[in-house]
Number of protein chains: 2
Amino acid sequence: MSAKTAAAAGLTERPAAPAAAPAQPIWDIIELLFFAYRDFVGDPDEVLSKLAFGRAHHRVLHFVNRNPGMKVADLLEILNITKQSLGRVLKQLVDQGFVVQKEGAQDRRQRLLFVTPKGEALALKLAVLQTERITRAFSELGPGAHEAARRFLTAMIDSDNREGVLRQIARADHAKARS
Amino acid sequence: MSAKTAAAAGLTERPAAPAAAPAQPIWDIIELLFFAYRDFVGDPDEVLSKLAFGRAHHRVLHFVNRNPGMKVADLLEILNITKQSLGRVLKQLVDQGFVVQKEGAQDRRQRLLFVTPKGEALALKLAVLQTERITRAFSELGPGAHEAARRFLTAMIDSDNREGVLRQIARADHAKARS
DNA sequence: AAAATATGTCAACATGGCTGACATAAATAT
DNA sequence: ATATTTATGTCAGCCATGTTGACATATTTT
(Lines give C-alpha, C1' and ligand atoms only; values in the text may rest on other atoms or scores of the structure.)
Protein backbone atom coordinates (compact mmCIF):
# COMPACT_ATOMS: atom_id res chain seq x y z
CA MET A 1 0.00 0.00 0.00
CA SER A 2 2.94 2.35 0.56
CA ALA A 3 3.87 1.82 -3.07
CA LYS A 4 0.39 2.89 -4.05
CA THR A 5 0.66 5.96 -1.89
CA ALA A 6 4.01 6.82 -3.41
CA ALA A 7 2.58 6.38 -6.89
CA ALA A 8 -0.32 8.66 -6.09
CA ALA A 9 2.13 11.25 -4.87
CA GLY A 10 4.03 10.97 -8.15
CA LEU A 11 7.17 9.90 -6.39
CA THR A 12 7.85 6.69 -8.29
CA GLU A 13 10.74 6.53 -10.64
CA ARG A 14 10.35 3.28 -12.61
CA PRO A 15 13.88 2.14 -13.49
CA ALA A 16 14.24 -0.37 -16.30
CA ALA A 17 14.71 -3.41 -14.08
CA PRO A 18 14.56 -2.86 -10.34
CA ALA A 19 13.99 -6.54 -9.53
CA ALA A 20 14.64 -6.10 -5.86
CA ALA A 21 13.82 -9.20 -3.81
CA PRO A 22 10.12 -8.99 -3.06
CA ALA A 23 9.21 -8.56 0.57
CA GLN A 24 6.19 -10.85 0.43
CA PRO A 25 4.87 -13.36 -2.05
CA ILE A 26 1.88 -12.09 -3.98
CA TRP A 27 -0.27 -14.99 -2.91
CA ASP A 28 -3.54 -13.85 -4.40
CA ILE A 29 -2.28 -13.66 -7.97
CA ILE A 30 -0.33 -16.88 -7.62
CA GLU A 31 -3.40 -18.77 -6.49
CA LEU A 32 -5.87 -17.05 -8.77
CA LEU A 33 -3.71 -17.92 -11.75
CA PHE A 34 -3.75 -21.53 -10.67
CA PHE A 35 -7.51 -21.72 -10.36
CA ALA A 36 -8.27 -19.57 -13.40
CA TYR A 37 -6.03 -21.64 -15.63
CA ARG A 38 -7.44 -24.86 -14.26
CA ASP A 39 -10.97 -23.85 -15.18
CA PHE A 40 -9.85 -22.35 -18.46
CA VAL A 41 -8.40 -25.62 -19.73
CA GLY A 42 -11.10 -27.64 -18.01
CA ASP A 43 -13.81 -26.73 -20.51
CA PRO A 44 -12.02 -28.21 -23.53
CA ASP A 45 -10.88 -31.22 -21.53
CA GLU A 46 -14.43 -32.49 -21.27
CA VAL A 47 -15.00 -32.36 -25.01
CA LEU A 48 -11.61 -33.88 -25.74
CA SER A 49 -12.08 -36.81 -23.42
CA LYS A 50 -15.09 -37.93 -25.45
CA LEU A 51 -12.80 -38.21 -28.45
CA ALA A 52 -10.11 -39.99 -26.46
CA PHE A 53 -7.90 -36.95 -26.91
CA GLY A 54 -5.99 -35.05 -24.29
CA ARG A 55 -4.47 -31.65 -23.83
CA ALA A 56 -1.53 -32.58 -25.98
CA HIS A 57 -3.86 -33.09 -28.94
CA HIS A 58 -5.56 -29.81 -28.17
CA ARG A 59 -2.33 -27.88 -28.23
CA VAL A 60 -1.24 -29.36 -31.53
CA LEU A 61 -4.62 -28.83 -33.13
CA HIS A 62 -4.80 -25.30 -31.85
CA PHE A 63 -1.48 -24.16 -33.21
CA VAL A 64 -1.84 -25.94 -36.53
CA ASN A 65 -5.25 -24.36 -36.95
CA ARG A 66 -3.85 -20.96 -36.14
CA ASN A 67 -0.77 -21.35 -38.31
CA PRO A 68 -1.75 -23.30 -41.38
CA GLY A 69 1.25 -24.58 -43.26
CA MET A 70 3.58 -24.42 -40.30
CA LYS A 71 6.61 -26.69 -40.21
CA VAL A 72 6.97 -29.53 -37.73
CA ALA A 73 10.07 -27.81 -36.38
CA ASP A 74 8.11 -24.63 -35.66
CA LEU A 75 5.51 -26.58 -33.75
CA LEU A 76 8.17 -28.33 -31.73
CA GLU A 77 9.64 -25.00 -30.76
CA ILE A 78 6.32 -23.51 -29.71
CA LEU A 79 5.27 -26.54 -27.69
CA ASN A 80 8.74 -27.09 -26.34
CA ILE A 81 8.52 -30.87 -26.43
CA THR A 82 10.54 -33.51 -28.23
CA LYS A 83 9.66 -34.72 -31.68
CA GLN A 84 8.95 -38.15 -30.26
CA SER A 85 6.30 -36.75 -27.95
CA LEU A 86 4.83 -34.71 -30.74
CA GLY A 87 4.97 -37.65 -33.10
CA ARG A 88 2.62 -39.71 -31.03
CA VAL A 89 -0.23 -37.25 -30.82
CA LEU A 90 0.33 -35.87 -34.30
CA LYS A 91 0.05 -39.33 -35.77
CA GLN A 92 -3.30 -39.83 -34.11
CA LEU A 93 -4.58 -36.50 -35.35
CA VAL A 94 -3.46 -37.33 -38.87
CA ASP A 95 -4.80 -40.89 -38.79
CA GLN A 96 -8.18 -39.66 -37.63
CA GLY A 97 -8.38 -36.96 -40.24
CA PHE A 98 -7.99 -33.81 -38.16
CA VAL A 99 -4.63 -32.79 -39.60
CA VAL A 100 -2.88 -33.33 -42.92
CA GLN A 101 0.74 -32.98 -43.86
CA LYS A 102 1.87 -31.69 -47.23
CA GLU A 103 5.30 -31.76 -48.74
CA GLY A 104 6.94 -28.35 -48.73
CA ALA A 105 7.02 -26.62 -52.11
CA GLN A 106 10.54 -25.20 -52.00
CA ASP A 107 11.95 -27.66 -49.49
CA ARG A 108 10.52 -31.09 -50.07
CA ARG A 109 11.87 -32.45 -46.80
CA GLN A 110 9.38 -30.39 -44.88
CA ARG A 111 5.97 -31.75 -43.93
CA LEU A 112 3.81 -28.66 -43.65
CA LEU A 113 0.87 -29.00 -41.32
CA PHE A 114 -2.74 -28.08 -42.04
CA VAL A 115 -6.03 -28.76 -40.32
CA THR A 116 -8.76 -30.45 -42.32
CA PRO A 117 -12.29 -29.04 -42.21
CA LYS A 118 -12.97 -31.62 -39.52
CA GLY A 119 -9.93 -30.42 -37.61
CA GLU A 120 -10.88 -26.80 -37.98
CA ALA A 121 -14.35 -27.54 -36.67
CA LEU A 122 -12.95 -29.15 -33.55
CA ALA A 123 -10.39 -26.42 -33.00
CA LEU A 124 -13.13 -23.85 -33.30
CA LYS A 125 -15.43 -25.71 -30.96
CA LEU A 126 -12.77 -25.77 -28.28
CA ALA A 127 -11.83 -22.15 -28.81
CA VAL A 128 -15.47 -21.12 -28.56
CA LEU A 129 -15.75 -22.82 -25.19
CA GLN A 130 -12.79 -20.87 -23.91
CA THR A 131 -14.02 -17.70 -25.52
CA GLU A 132 -17.34 -18.02 -23.76
CA ARG A 133 -15.52 -18.00 -20.45
CA ILE A 134 -13.41 -15.03 -21.45
CA THR A 135 -16.41 -13.12 -22.77
CA ARG A 136 -18.32 -13.81 -19.59
CA ALA A 137 -15.40 -12.48 -17.58
CA PHE A 138 -15.04 -9.36 -19.70
CA SER A 139 -18.73 -8.64 -19.54
CA GLU A 140 -18.54 -8.71 -15.76
CA LEU A 141 -15.58 -6.40 -15.74
CA GLY A 142 -16.78 -3.72 -18.08
CA PRO A 143 -15.00 -1.94 -20.91
CA GLY A 144 -11.23 -1.95 -20.99
CA ALA A 145 -11.07 -5.44 -19.54
CA HIS A 146 -9.80 -7.02 -22.73
CA GLU A 147 -6.99 -4.52 -23.08
CA ALA A 148 -6.09 -4.84 -19.41
CA ALA A 149 -5.99 -8.62 -19.59
CA ARG A 150 -3.88 -8.54 -22.73
CA ARG A 151 -1.39 -6.20 -21.14
CA PHE A 152 -1.17 -8.21 -17.94
CA LEU A 153 -0.71 -11.54 -19.67
CA THR A 154 1.82 -10.12 -22.10
CA ALA A 155 3.86 -8.70 -19.25
CA MET A 156 3.89 -12.13 -17.58
CA ILE A 157 5.68 -13.72 -20.53
CA ASP A 158 9.46 -14.04 -20.54
CA SER A 159 10.68 -10.79 -22.03
CA ASP A 160 12.88 -12.59 -24.54
CA ASN A 161 9.92 -14.59 -25.89
CA ARG A 162 7.45 -11.79 -25.70
CA GLU A 163 8.10 -10.23 -29.07
CA GLY A 164 8.03 -13.58 -30.77
CA VAL A 165 4.75 -14.52 -29.15
CA LEU A 166 3.12 -11.25 -30.12
CA ARG A 167 4.43 -11.56 -33.65
CA GLN A 168 3.12 -15.08 -33.85
CA ILE A 169 -0.32 -14.01 -32.67
CA ALA A 170 -0.45 -11.16 -35.13
CA ARG A 171 0.72 -13.35 -37.98
CA ALA A 172 -1.85 -16.01 -37.13
CA ASP A 173 -4.63 -13.45 -37.01
CA HIS A 174 -3.62 -12.42 -40.47
CA ALA A 175 -3.43 -15.95 -41.75
CA LYS A 176 -6.90 -16.84 -40.49
CA ALA A 177 -8.40 -13.55 -41.59
CA ARG A 178 -7.75 -14.34 -45.23
CA SER A 179 -9.45 -17.72 -44.97
CA MET B 1 -16.09 -2.82 -31.28
CA SER B 2 -19.77 -2.08 -31.67
CA ALA B 3 -20.17 -3.24 -28.11
CA LYS B 4 -17.65 -0.64 -27.07
CA THR B 5 -19.49 2.03 -29.01
CA ALA B 6 -22.75 0.98 -27.45
CA ALA B 7 -21.16 1.07 -24.03
CA ALA B 8 -19.87 4.57 -24.64
CA ALA B 9 -23.36 5.62 -25.65
CA GLY B 10 -24.66 4.15 -22.41
CA LEU B 11 -26.89 1.75 -24.28
CA THR B 12 -25.70 -1.51 -22.74
CA GLU B 13 -27.89 -3.34 -20.39
CA ARG B 14 -25.76 -6.03 -18.81
CA PRO B 15 -28.16 -8.87 -18.07
CA ALA B 16 -27.08 -11.46 -15.53
CA ALA B 17 -26.02 -14.08 -18.07
CA PRO B 18 -26.24 -13.16 -21.74
CA ALA B 19 -23.89 -15.94 -22.89
CA ALA B 20 -24.75 -15.54 -26.55
CA ALA B 21 -22.54 -17.62 -28.84
CA PRO B 22 -19.44 -15.54 -29.48
CA ALA B 23 -18.93 -14.46 -33.04
CA GLN B 24 -15.16 -14.99 -33.06
CA PRO B 25 -12.74 -16.73 -30.75
CA ILE B 26 -10.69 -14.34 -28.67
CA TRP B 27 -7.44 -15.75 -29.92
CA ASP B 28 -5.10 -13.29 -28.28
CA ILE B 29 -6.21 -14.00 -24.73
CA ILE B 30 -6.37 -17.74 -25.37
CA GLU B 31 -2.79 -17.80 -26.57
CA LEU B 32 -1.42 -15.28 -24.11
CA LEU B 33 -2.84 -17.32 -21.27
CA PHE B 34 -1.08 -20.37 -22.62
CA PHE B 35 2.30 -18.67 -22.86
CA ALA B 36 1.98 -16.67 -19.65
CA TYR B 37 1.07 -19.73 -17.64
CA ARG B 38 3.84 -21.76 -19.23
CA ASP B 39 6.45 -19.23 -18.16
CA PHE B 40 4.81 -18.71 -14.79
CA VAL B 41 5.15 -22.36 -13.81
CA GLY B 42 8.46 -22.68 -15.62
CA ASP B 43 10.44 -20.78 -13.00
CA PRO B 44 9.63 -23.16 -10.15
CA ASP B 45 10.04 -26.19 -12.41
CA GLU B 46 13.76 -25.56 -12.68
CA VAL B 47 14.27 -25.46 -8.95
CA LEU B 48 12.05 -28.47 -8.39
CA SER B 49 13.83 -30.63 -10.93
CA LYS B 50 17.05 -30.31 -8.95
CA LEU B 51 15.25 -31.88 -6.01
CA ALA B 52 13.69 -34.58 -8.19
CA PHE B 53 10.31 -33.02 -7.54
CA GLY B 54 7.65 -32.08 -10.05
CA ARG B 55 4.68 -29.80 -10.27
CA ALA B 56 2.62 -32.19 -8.25
CA HIS B 57 4.95 -31.74 -5.31
CA HIS B 58 4.85 -28.01 -5.78
CA ARG B 59 1.08 -27.87 -5.64
CA VAL B 60 0.92 -29.96 -2.49
CA LEU B 61 3.64 -28.01 -0.77
CA HIS B 62 2.08 -24.73 -1.79
CA PHE B 63 -1.35 -25.45 -0.40
CA VAL B 64 -0.11 -27.07 2.78
CA ASN B 65 2.12 -24.09 3.39
CA ARG B 66 -0.77 -21.74 2.82
CA ASN B 67 -3.23 -23.74 4.88
CA PRO B 68 -1.37 -25.20 7.81
CA GLY B 69 -3.35 -27.91 9.54
CA MET B 70 -5.52 -28.67 6.54
CA LYS B 71 -7.08 -32.11 6.23
CA VAL B 72 -6.06 -34.55 3.53
CA ALA B 73 -9.62 -34.46 2.26
CA ASP B 74 -9.46 -30.69 1.83
CA LEU B 75 -6.29 -30.97 -0.17
CA LEU B 76 -7.81 -33.62 -2.39
CA GLU B 77 -10.73 -31.36 -3.11
CA ILE B 78 -8.56 -28.38 -3.99
CA LEU B 79 -6.23 -30.35 -6.20
CA ASN B 80 -9.03 -32.40 -7.66
CA ILE B 81 -7.00 -35.60 -7.86
CA THR B 82 -7.42 -39.01 -6.30
CA LYS B 83 -6.00 -39.93 -2.94
CA GLN B 84 -3.76 -42.47 -4.64
CA SER B 85 -2.17 -39.77 -6.77
CA LEU B 86 -1.82 -37.49 -3.81
CA GLY B 87 -0.45 -40.30 -1.70
CA ARG B 88 2.55 -40.80 -3.91
CA VAL B 89 3.82 -37.25 -3.83
CA LEU B 90 2.75 -36.60 -0.27
CA LYS B 91 4.68 -39.61 0.92
CA GLN B 92 7.84 -38.29 -0.71
CA LEU B 93 7.36 -34.86 0.83
CA VAL B 94 6.85 -36.41 4.25
CA ASP B 95 9.75 -38.86 3.91
CA GLN B 96 12.09 -36.06 2.93
CA GLY B 97 11.01 -33.81 5.74
CA PHE B 98 9.11 -31.10 3.92
CA VAL B 99 5.71 -31.93 5.36
CA VAL B 100 4.50 -33.52 8.59
CA GLN B 101 1.19 -35.05 9.49
CA LYS B 102 -0.36 -34.71 12.92
CA GLU B 103 -3.30 -36.51 14.36
CA GLY B 104 -6.40 -34.33 14.58
CA ALA B 105 -7.26 -33.13 18.09
CA GLN B 106 -11.02 -33.61 17.97
CA ASP B 107 -11.12 -36.24 15.28
CA ARG B 108 -8.19 -38.56 15.64
CA ARG B 109 -8.78 -40.18 12.25
CA GLN B 110 -7.61 -37.04 10.54
CA ARG B 111 -3.99 -36.50 9.57
CA LEU B 112 -3.60 -32.74 9.56
CA LEU B 113 -0.91 -31.42 7.25
CA PHE B 114 1.81 -28.94 8.12
CA VAL B 115 5.00 -27.82 6.42
CA THR B 116 8.24 -28.13 8.32
CA PRO B 117 10.65 -25.19 8.41
CA LYS B 118 12.44 -26.89 5.52
CA GLY B 119 9.15 -27.17 3.66
CA GLU B 120 8.25 -23.59 4.33
CA ALA B 121 11.62 -22.45 3.04
CA LEU B 122 11.11 -24.29 -0.23
CA ALA B 123 7.54 -23.10 -0.61
CA LEU B 124 8.70 -19.58 -0.05
CA LYS B 125 11.57 -19.90 -2.48
CA LEU B 126 9.22 -21.03 -5.22
CA ALA B 127 6.65 -18.36 -4.41
CA VAL B 128 9.33 -15.69 -4.52
CA LEU B 129 10.33 -16.77 -8.00
CA GLN B 130 6.78 -16.40 -9.19
CA THR B 131 6.35 -13.16 -7.31
CA GLU B 132 9.38 -11.71 -9.03
CA ARG B 133 7.71 -12.33 -12.37
CA ILE B 134 4.45 -10.82 -11.18
CA THR B 135 6.16 -7.82 -9.66
CA ARG B 136 8.12 -7.25 -12.85
CA ALA B 137 4.87 -7.34 -14.81
CA PHE B 138 3.09 -4.97 -12.46
CA SER B 139 5.96 -2.55 -12.49
CA GLU B 140 5.75 -2.40 -16.27
CA LEU B 141 2.04 -1.82 -16.17
CA GLY B 142 1.83 0.93 -13.61
CA PRO B 143 -0.53 1.39 -10.70
CA GLY B 144 -3.80 -0.46 -10.65
CA ALA B 145 -2.28 -3.45 -12.39
CA HIS B 146 -2.56 -5.69 -9.35
CA GLU B 147 -6.21 -4.89 -8.86
CA ALA B 148 -6.94 -5.33 -12.58
CA ALA B 149 -5.19 -8.68 -12.69
CA ARG B 150 -7.01 -9.88 -9.61
CA ARG B 151 -10.35 -8.92 -11.04
CA PHE B 152 -9.64 -10.54 -14.39
CA LEU B 153 -8.39 -13.80 -12.92
CA THR B 154 -11.25 -13.97 -10.46
CA ALA B 155 -13.77 -13.51 -13.22
CA MET B 156 -12.17 -16.38 -15.14
CA ILE B 157 -12.90 -18.86 -12.37
CA ASP B 158 -16.07 -20.96 -12.45
CA SER B 159 -18.66 -18.85 -10.75
CA ASP B 160 -19.67 -21.68 -8.43
CA ASN B 161 -16.09 -22.08 -7.17
CA ARG B 162 -15.29 -18.41 -7.10
CA GLU B 163 -16.54 -17.63 -3.64
CA GLY B 164 -14.83 -20.66 -2.21
CA VAL B 165 -11.53 -19.76 -3.82
CA LEU B 166 -11.67 -16.19 -2.57
CA ARG B 167 -12.60 -17.36 0.89
CA GLN B 168 -9.75 -19.83 0.83
CA ILE B 169 -7.28 -17.14 -0.18
CA ALA B 170 -8.51 -14.78 2.50
CA ARG B 171 -8.42 -17.48 5.13
CA ALA B 172 -4.90 -18.48 4.16
CA ASP B 173 -3.71 -14.89 4.28
CA HIS B 174 -5.02 -14.77 7.78
CA ALA B 175 -3.45 -18.05 8.78
CA LYS B 176 -0.03 -17.03 7.55
CA ALA B 177 -0.30 -13.51 8.90
CA ARG B 178 -0.43 -14.81 12.44
CA SER B 179 2.72 -16.88 12.00
C1' DA C 1 30.40 -36.92 -53.33
C1' DA C 2 29.99 -35.39 -48.61
C1' DA C 3 27.79 -33.12 -45.03
C1' DA C 4 24.00 -30.99 -42.99
C1' DT C 5 18.99 -30.67 -42.36
C1' DA C 6 13.93 -32.04 -41.70
C1' DT C 7 11.51 -35.52 -40.37
C1' DG C 8 10.16 -40.19 -38.71
C1' DT C 9 10.67 -44.27 -35.85
C1' DC C 10 12.00 -47.84 -32.37
C1' DA C 11 12.86 -48.88 -27.63
C1' DA C 12 12.97 -47.87 -22.95
C1' DC C 13 11.96 -45.17 -19.07
C1' DA C 14 9.72 -41.50 -15.62
C1' DT C 15 6.00 -38.81 -13.84
C1' DG C 16 1.67 -38.26 -12.41
C1' DG C 17 -2.94 -38.93 -13.57
C1' DC C 18 -6.62 -42.93 -13.19
C1' DT C 19 -9.62 -47.27 -11.39
C1' DG C 20 -10.63 -51.01 -8.29
C1' DA C 21 -10.05 -53.51 -4.22
C1' DC C 22 -9.07 -53.83 0.32
C1' DA C 23 -7.26 -52.50 5.33
C1' DT C 24 -7.35 -49.82 9.60
C1' DA C 25 -8.72 -46.86 13.09
C1' DA C 26 -11.88 -43.81 14.93
C1' DA C 27 -16.34 -41.63 15.11
C1' DT C 28 -21.19 -42.11 14.89
C1' DA C 29 -25.58 -44.38 14.75
C1' DT C 30 -28.67 -47.93 16.10
C1' DA D 1 -22.50 -52.89 22.54
C1' DT D 2 -22.50 -53.63 18.07
C1' DA D 3 -22.90 -52.01 13.45
C1' DT D 4 -22.01 -48.65 10.16
C1' DT D 5 -19.89 -44.76 8.28
C1' DT D 6 -15.92 -41.87 7.71
C1' DA D 7 -10.88 -40.49 7.06
C1' DT D 8 -7.06 -42.20 5.51
C1' DG D 9 -3.61 -45.43 3.58
C1' DT D 10 -2.02 -48.93 0.40
C1' DC D 11 -1.40 -52.46 -3.30
C1' DA D 12 -1.63 -53.43 -8.10
C1' DG D 13 -2.06 -52.15 -12.62
C1' DC D 14 -3.31 -49.10 -16.57
C1' DC D 15 -2.91 -44.77 -19.42
C1' DA D 16 -1.20 -40.30 -21.27
C1' DT D 17 2.49 -37.72 -22.15
C1' DG D 18 6.81 -36.23 -21.17
C1' DT D 19 12.01 -37.78 -21.55
C1' DT D 20 16.77 -39.84 -23.82
C1' DG D 21 19.37 -42.28 -27.20
C1' DA D 22 20.04 -44.46 -31.47
C1' DC D 23 19.21 -44.85 -36.02
C1' DA D 24 16.78 -44.39 -40.94
C1' DT D 25 15.35 -41.66 -45.02
C1' DA D 26 14.91 -38.14 -48.13
C1' DT D 27 16.46 -33.83 -49.55
C1' DT D 28 19.19 -29.79 -49.64
C1' DT D 29 23.50 -27.55 -49.22
C1' DT D 30 28.41 -27.44 -49.49
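Every chain is numbered from 1 and lettered A, B, ... according to where its sequence line falls, protein lines coming before strand lines. Everything numeric here is computed off the predicted structure, so don't read it as measured data.
The 5' end of DNA chain D is approached more closely, in terms of each residue's nearest nucleotide, by A:Arg55 than by the other of A:Arg55 and A:Arg111.
Nearest approach of B:Val60 to B:Val89, heavy atoms of both residues: CG2-CG2, 3.8 Å.
Follow the hydrophobic side-chain contacts under 4.5 Å out from B:Phe63 and you never reach B:Phe114; the two are in separate clusters.
Partner of A:Arg66 under the side-chain contact (heavy atoms from CB on, under 4.5 Å) criterion, out of A:Ile169, A:Ile78, A:Leu61, A:Val115: A:Ile169 alone.
Regarding contacts with the backbone of D:dT19, a side-chain N or O of A:Thr82 is found under 4.0 angstrom from either OP1 or OP2.
A distance of 13.0 Å separates CG of A:Leu33 from CZ of B:Arg150, quoted to the nearest 0.5 Å.
Proximity of the aromatic rings of A:Tyr37 and B:Phe40 is defined here by a centroid distance below 6.0 angstrom, and this criterion is not met.
One can place CG of A:Leu79 at 8 Å from P of D:dG18, the figure rounded to the nearest angstrom. We find that NZ of B:Lys71 is positioned 11 Å from C1' of D:dT8, with the value rounded to whole Å. Regarding B:Gln84, its CD atom lies at a distance of 16 Å from the P atom of D:dA7, rounded to whole Å.
Within a 6.0 Å sphere centred on CD of B:Glu163, other residues, nucleotides and ligands contribute 12 heavy atoms or fewer.
In this structure, A:Asn80 reaches the sugar-phosphate backbone alone: every heavy-atom distance under 4.0 Å involves primed, P, OP1 or OP2 atoms, never a base.
Under the 4.5 Å side-chain criterion, counting only non-hydrogen atoms from C-beta, B:Asp28 is in contact with A:His146.
Counting 5' to 3', DNA chain C first comes under 4.0 angstrom of a heavy atom of chain B and last does so at the ends given by C:dG16 to C:dA27.
Of the residues in residues 85-109 of chain A, those placing a heavy atom less than 4.0 Å from an atom of DNA chain C are A:Gln101, A:Arg109, in numerical order.
Within the structure, salt bridge (Lys or Arg N to Asp or Glu O under 4.0 Å) pairs that include any residue of residues 70-93 of chain A comprise A:Lys91-A:Asp95 (at least two apart or interchain).
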